[in-house]
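Below is one structure, written out as structure tokens, with a few remarks after it.
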Amino acid sequence: MARQRVGVLISGRGSNLRALIDACADPAYPAEIVSVVSDRAEAPGLALAAAAGIFGVVIPHRTRPAFAAEAEALLRRQRVDLVCLAGFMRVLDATFVEGWRDRMDNIHPSLLPAFPGLHPQRQALAAGVRFSGCTVHFVRPEVDAGPIIAQAVVPTRPGDDEASLSARILGVEHRLYPLAVRLIAEGRVRVVGSKVEIDGWQAPTMALLNPDEAPGEPLAANRG
Ligand code: GRF
């Protein structure tokens, strides 16, 4: 099967982009990144794309519809199958989002639907939860909403601050996002109503991960 063509939207650091680039470097991985779009010219993630030989483009965010029109044209030109939001910090135009329904996903550093929006790690610590984590979901026009594809649990620890919890979750994000994109690219992810079903997975993509494991450690999920 041809590899799925992925477009990644970023605004900043790009560490999840890097995790996807690394996953795509394996010829057996069912997806390839064909373009990276940033709304900020100074996003460090653009250099990661360039270093990997991936087409990168800056589309400054003037208005929501204008950004959407330019992004849409680019993604079509690049024959993108799947759009991945990876630290893209803007709310997208609702028509654009609907046009990519179930073909656009996002990673968020909490166990949604808990703690959507900004500073989810700070929200988690303020709520005193013992576990937080990260979620990959299909995108809907509402912020951080949409059918959940994959989640991973990360413990909070006594003495955590926003930075320490964010770092612990981020290490797990880098393993979860490539897994979720792989499942989508393999054609195994179906949206049924407001939920996702994954062919061939019994206890799908909800993994209790050891955050102390080496980054890049493959995710063990129960395969049926
Ligand atoms: C990640 O925590 C991601 O979950 C959130 O924004 C952050 C982006 O980090 N949506 P990076 O740019 O991928 O390093």
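We number each residue from 1, following the sequence as shown. We count ligands from 1, going down the list as the structure has it; atoms in each ligand are counted the same way.
No side-chain heavy atom of Glu70 sits under 4.5 Å from any side-chain heavy atom of Val57. Looking at Phe138 and Met104, their side chains never come closer than 4.5 Å, going by heavy atoms from C-beta outward. Using a 4.5 Å heavy-atom threshold, the side chains of Phe96 and Arg64 count as separate.
The closest protein non-hydrogen atom to atom 4 (O) of ligand 1 is Glu173 OE1, 2.6 Å.
Across all their heavy atoms, Ala41 and Leu46 have their closest contact at O-CD1, 3.5 Å.
Other residues, nucleotides and ligands place no more than 12 heavy atoms under 6.0 Å from the CZ atom of Arg18.
The atoms of ligand 1 that sit less than 4.0 Å from any heavy atom of Ile107 are 3 (C), 4 (O), 5 (C), 10 (N). With ligand atoms numbered from 1 in the order given, ligand 1 contributes 11 (P), 12 (O), 13 (O), 14 (O) to contacts under 4.0 Å with heavy atoms of Gly14.
Considering only non-hydrogen atoms, atom 8 (C) of ligand 1 lies nearest to Gly87 out of Pro120, Ser11, Ala167, Gly87.
Contacts between Met89 and ligand 1 below 4.0 angstrom, taking non-hydrogen atoms only, are absent altogether.
In this structure, Pro109 has a heavy atom closer than 4.0 Å to ligand 1.
Ligand 1 has a nitrogen or oxygen under 3.5 angstrom from a nitrogen or oxygen of Arg13. Checking only distances, Asn16 does come within under 3.5 Å of ligand 1, N or O to N or O.
When hydrophobic clusters are built by joining Ile, Leu, Val, Met, Phe, Trp and Tyr residues whose side-chain heavy atoms come closer than 4.5 Å, directly or via intermediates, Leu85 is not grouped with Ile148.
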